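For reference, the structure discussed in these notes is given below.
Any value given below was found using the heavy atoms of this structure, including those in side chains, with hydrogens, waters and symmetry copies removed. These figures come from a predicted structure and were not determined experimentally. This chain uses plain numbering: 1 for the first residue, then up along the sequence.
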Amino acid sequence: MEKNSKIYVAGHRGMVGSAIVRELKRQGYNNIITRTHKELDLINQQAVDDFFAAEKPDYVFLAAAKVGGIEANQSALADFMYDNMMLEMNVIHAAWKNGVKKLEFLGSSCIYPRMAPQPMPESCLLTSELEKTNEAYALAKISGLKYCEFLNRQYGTDYISVMPTNLYGPNDNYHPTHSHVLPALIRRFHEAKEAGLEEVTCWGDGTPLREFLYVDDLANLCVFLMNNYSGNETVNAGTGKELTIKELTELVAKTVGYNGTILWNTEMPNGTPRKLLDVSKAKALGWTYKTELPEGVKLAYEDFLSNPMRAER
């Protein structure tokens with residue numbers, strides 16, 4: 001990408017999209033196009049077609065998505081599948097029709113099988129059954145990355161995909177029921193501390209293993225790949241390190257300053273037992289993460305405290 005290339009970031013108000021915009025600006029890219037959902041509904045195919053025909057971006061980062069944790073995914077299966085498939089297909093197809101030089105599709109590690117080999121290599125995609133609690137979202141994301149691959153194979157496009165592990169950091173979603181585990185824990189322990197609660201109950205038994213990547217590190221990788229990678233196979237984005245949900249919970253409680261008792265509701269689902277990404281491909285390309293989890297959680301909590309609208313999200 002040239003510094004003055006016209007770059008469209010879809011989903012720029014979300015955690016990932018906003019981080020990509022920050023990283024592009026940090027690296028001196030000065031022609032970034034964005035649209036809010038009110039300005040451009042990506043589920044509306046005609047609106048997306050009109051936007052691409054008028055703006056003709058050179059490069060596209062597709063970070064827009066309908067996202068949520070286990071509860072949100074389970075309660076709105078159809079919505080998660082329809083909304084994500086429609087918006088990604090509309091954007092990718094319009095990019096192809098309008099001659100976009102390169103597109104980068106942002107997926108999720110939930111695309112990999114529930115019982116995938118650990119750590120999960122990119123090649124394990126579609127080799128066995130998906131995790132049921134986020135199957136709808138995973139199927140939508142698989143469709144997006146496969147459409148990019150098929151356009152490359154049929155039309156010679158240069159569309160790539162990136163599959164991040166669990167993300168956290170500035171501009172995260174702290175909604176009490178629709179957020180992912182790390183921001184949900186930040187909010188829960190903060191509110192418990194403020195209310196003087198003696199105990200906090202968390203879902204499951206705390207044994208699942210999870211990997212977390214600070215979102216600004218992901219954004220750095222996204223720009224790096226746009227400039228340095230082409231290929232049909234996706235690229236995993238992670239740290240290659242994992243910890244149990246129990247360990248994560250204790251780290252968040254310590255960071256927030258909550259000193260009460262942590263209980264576990266074992267009648268609630270754990271989700272996938274383990275989700276560690278094989279990040280050897282990104283390393284071989286010359287990239288590695290920078291932010292360790294304790295520092296990242298501290299930065300995320302500072303962001304939470306500075307976000308006056310967190311209670312409404």
Side-chain angles (χ1 to χ4, degrees), residues 1-3 5 7-12 14-29 32 58-63 65 100-112 116-125 141 144-145 148-149 152 157-172 182 209-243 275-297 299-300:
M1 295 185 294
E2 301 297 328
K3 297 302 182 183
S5 296
I7 303 169
Y8 170 47
V9 180
H12 75 285
M15 177 173 61
V16 173
S18 60
I20 290 173
V21 171
R22 282 196 303 276
E23 181 65 18
L24 287 168
K25 290 180 176 178
R26 187 186 73 80
Q27 293 193 29
Y29 294 98
I32 303 168
D58 299 310
Y59 298 91
V60 174
F61 289 88
L62 179 42
V100 165
K101 294 177 182 177
K102 192 166 187 174
L103 178 143
E104 184 174 293
F105 175 69
L106 274 293
S108 164
S109 59
C110 73
I111 65 167
Y112 294 125
Q118 300 290 328
M120 297 182 287
E122 291 86 352
S123 59
C124 75
L125 180 66
K141 287 296 184 181
L145 74 89
C148 288
E149 176 191 337
N152 289 346
T157 53
D158 187 8
Y159 294 175
I160 63 174
S161 59
V162 187
M163 294 302 123
T165 187
N166 298 287
L167 301 169
Y168 70 101
N171 206 26
D172 208 339
L182 201 157
L209 290 159
R210 290 292 181 269
E211 173 187 24
F212 295 91
L213 179 66
Y214 191 62
V215 73
D216 284 37
D217 287 349
L218 170 67
N220 180 260
L221 173 62
C222 287
V223 176
F224 173 84
L225 291 175
M226 191 67 104
N227 286 318
N228 295 281
Y229 176 73
S230 294
N232 291 333
E233 192 176 66
T234 189
V235 178
N236 286 340
T239 64
K241 298 180 180 179
E242 61 187 341
L243 77 168
K275 285 175 66 176
L276 180 65
L277 291 180
D278 181 341
V279 295
S280 57
K281 180 186 284 190
K283 284 186 176 179
L285 290 168
W287 183 89
T288 189
Y289 77 100
K290 298 180 180 66
T291 310
E292 297 292 351
L293 190 59
E295 175 63 17
V297 172
L299 292 170

Does K290 come within less than 4.0 Å of D217, counting only side-chain N to carboxylate O? no
Atom CG in L218, atom CG in L106: separation rounded to 0.5 Å? 6.0 Å
Quick check: does any side chain N or O of T165 sit under 3.5 Å from a backbone N or O of E211, one acting as donor and the other as acceptor? yes
Which atom pair, heavy atoms only, marks the closest approach of A237 to V279? C-CG1, 4.5 Å
Contact summary for M163 and S108, nearest pair of heavy atoms: SD-N, 3.3 Å
Working to the nearest 0.5 Å, report the span between OG of S161 and OH of Y229. 7.5 Å
side-chain contact (heavy atoms from CB on, under 4.5 Å) assessment of D216 paired with T291: CA-CA 9 Å; D216 284 37; T291 310; over 6 Å; no
Pairwise side-chain contact, V100 with Y159, heavy-atom cut-off 4.5 Å (strictly under): yes
Once rounded to the nearest 0.5 Å, what's the spacing between atom CD of E104 and atom CG of N227? 9.5 Å
Looking at every heavy atom in both Y168 and V297, which two are closest together, and how far apart are they? CE1-N, 3.7 Å
Minimal non-hydrogen separation, V235 against A282, with atom names: CG1-CB, 4.2 Å
How far apart are the closest heavy atoms of L225 and I160, and which atoms are they? O-CD1, 3.8 Å
Worked verdict on F212 versus T239 for side-chain contact (heavy atoms from CB on, under 4.5 Å): CA-CA 7 Å; F212 295 91; T239 64; over 6 Å; no
Kindly say whether M226 contributes a backbone atom to a donor-acceptor pair with the side chain of K102 at under 3.5 angstrom? yes
Can you find a heavy atom in the side chain of L276 that is under 4.5 Å from one in the side chain of L209? no
Check: M120 main-chain N/O paired with N236 side-chain donor or acceptor under 3.5 Å: yes
Do V215 and V16 make a side-chain contact, defined as non-hydrogen atoms from C-beta onward lying under 4.5 Å apart? yes
Value for CD (E23) from CZ (F224), rounded to nearest 0.5 Å, stands at 12.0 Å
Just verifying a value: how many Å separate R22 CZ and N220 CG, rounded to the nearest 0.5 Å? 12.0 Å
Evaluate the side-chain contact (heavy atoms from CB on, under 4.5 Å) criterion for residues L182 and L293: first the C-alpha distance (whole Å), next the side-chain angles of each, then the deciding distance (0.1 Å), finally the verdict. CA-CA 11 Å; L182 201 157; L293 190 59; 4.3 Å; yes
Between L285 and N228, does a side-chain contact (heavy atoms from CB on, under 4.5 Å) hold up when you go through it step by step? CA-CA 8 Å; L285 290 168; N228 295 281; 6.0 Å; no
Would you compute the distance between atom OG of S280 and atom CD of E122 and round it to the nearest 0.5 angstrom? 6.5 Å
Are any non-hydrogen side-chain atoms of V223 and M1 less than 4.5 angstrom apart? yes
Between the side chain of K281 and the main-chain N/O of T234, is any donor-acceptor distance below 3.5 Å? yes
Any E149 side-chain heavy atom under 4.5 Å of E233 side chain: no
Heavy-atom pair with the smallest gap, counting every atom of K241 and Y289: NZ-OH, 2.8 Å
Taking atom types as modelled, is there a side-chain donor on D278 or Y112 under 3.5 Å from an acceptor on the other? no
